[in-house]
Enquirer: 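I'd like to ask you about the structure that follows.
In listed order, ligands and their atoms are each counted from 1. For clarity, every value in this text was computed on a predicted model and none was experimentally measured.
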Amino acid sequence: MSADAVHGAQTDYLDRYGHALLQVFGTPQLVLTHGQGCEVYDADGRCYLDLLGGIAVNALGHAHPSLVAAITEQAGRALHVSNFFTTPAQVELAEKLLSLAQAPQGSAVFFTNSGTEATEAAVKLSRRTGRRRLIAAQGGFHGRSTGALALTHKEAYREPFAPLIGDVTFVAYNDIAALQAVFADDGDEIAALVLEPIQGEAGVIPASSAYLRAARELCTAHGALLVFDEVQTGVARTGSWFAHQPSGVQPDAMTLAKGLAGGVPIGALMTYGPQVTGLLGAGQHGSTFGGNPLACAAALAVLRTIETDHLMDNALQISEKIRGAVLGLRHPGIAEVRGRGLLLGIGLTDDRAPQLAAALLADGIIVNAPNPRTLRLVPPLILTAEQVDRFVQSLHSHLDPADEEQKDISSRRQGPS
Ligand SMILES: *Cc1c(COP(=O)(O)O)cnc(C)c1O
């Protein structure tokens, strides 16, 4: 960070943050005031290229005119009416999601305010099967509330709050044999298998279509619910409306949140078919804010804009551009580019992701390092080719280590292989 920034308005807010906010997030990197498109500004007026998009939330970037207009219009009509009543926006959004998900007759939507609440709804749904055992994947992330936390693999997140709801087994991700083994062992007691089609927080790890199909077959054979957590992968991010769709597999339930309303808090649980939908009856679940018209109007505007502006095509094209440009550097520090659409993980050959993220930030580019060997890009779906060039140039300039010995190695390996 530059010397002026250190003495600017940001320092003041960060100091006040330290005295006013619970410290669960540590110290924020920046104080952001506003944005436009894929760019965002800090309290000292510095502009950043935002390749994190609020962690896969700002699907339309910042201050998108169609989203601003929809929110403004809805705010002028009704912000909230309670779930004793419904609104046109709520009904239209539920219908739209069912149609995009290609969900069969008798499917339904329950709206929440966050991803973790969508997971909670899925856990409660699974309990109504009369079974308790839950299967989740190693590396999986499903939220921080206590039910969702029980399904979240990272020990450091769970341990301080033990005991959580019991009977959760973690299996190796994208490993068909491991799934078969867990179902072979008391498979008829499994209430649900909960999986991300591409693991996000783990560092952008995709599951194969064969794995998702095996999960479907095992759940069907044993009467367990197959739940896809598409909180991060869903809503066009991976170049299809939902990341599981190219596999042809239909889940029993799906959770959504992050990008759905472009930054307005929202989440959803979708239940597929009348049998699963019938598991939760009147009075068995609820939410004060869930499905409020503001969030639903925002989500409708996001979905419409993705369609009218062909943003799934853009996500796929820009994804190829990033992949080609990053791999085209032929740099020995880069092992691979994982993921689909605009959910990408740049896999490094060493533990430099945090330092690289810091160097990029100093250059005015926001990315994140979900683990020491991965840079994650989850930018707005409106990202342009020029913005990709800016990122790749900056990445390239910081990849070459200051250390001369390593520089030698990289120049030797630079040529075509
Ligand atoms: C972010 C995330 C969640 C939790 O969502 P919150 O809105 O933070 O509660 C759950 N599952 C996945 C896959 C996520 O990426």
Enquirer: Would you say the side chains of Thr233 and Glu230 form a donor-acceptor pair under 3.5 Å?
Expert: yes
Enquirer: Among side-chain atoms of Ser240 and Gln245, is any donor-acceptor pair under 3.5 angstrom?
Expert: no
Enquirer: Of the protein's non-hydrogen atoms, which lies at the shortest distance from atom 6 (P) of ligand 1, and what is that distance?
Expert: Gly115 N, 3.4 Å
Enquirer: Looking at ligand 1, does any of its N/O atoms fall within less than 3.5 Å of an N/O of Ala257?
Expert: no
Enquirer: Would you check whether Thr116 has a nitrogen or oxygen atom less than 3.5 angstrom from a nitrogen or oxygen atom of ligand 1?
Expert: yes
Enquirer: Under a 3.5 Å threshold, yes or no: a donor from one side chain and an acceptor from the other, between Glu196 and Gln232?
Expert: no
Enquirer: Quick check: are there more than 12 heavy atoms from other residues, nucleotides or ligands sitting under 6.0 Å from CD of Gln23?
Expert: yes
Enquirer: Does any N/O atom on Gln232 come nearer than 3.5 Å to any N/O atom on ligand 1?
Expert: yes
Enquirer: If we count only N and O atoms by modelled type, under 3.5 Å, do the side chains of Arg216 and Ser247 hold a donor and an acceptor together?
Expert: no
Enquirer: Among all the protein's heavy atoms, is there at least one whose distance to atom 8 (O) of ligand 1 comes out below 4.0 Å?
Expert: no
Enquirer: Assign the ring pair His34 / Tyr41 to parallel, tilted or perpendicular, where the plane angle (0 to 90°) is split at 30° and 60°.
Expert: parallel
Enquirer: Can a donor-acceptor pair be found between the side chains of His64 and Asn58 at a distance below 3.5 Å?
Expert: no
Enquirer: Which atoms of ligand 1 have any heavy atom of His142 under 4.0 Å away?
Expert: 10 (C), 11 (N)
Enquirer: What residue and heavy atom of the protein are closest to atom 15 (O) of ligand 1, and at what distance?
Expert: Lys258 NZ, 2.6 Å
Enquirer: I need the contact type for Glu196 against ligand 1. Using non-hydrogen atoms and a strict under-4.0 Å cut-off, is it side chain, backbone, both or neither?
Expert: side chain
Enquirer: Who's the nearest protein heavy-atom neighbour of atom 11 (N) of ligand 1, and how far?
Expert: Asp229 OD2, 2.7 Å
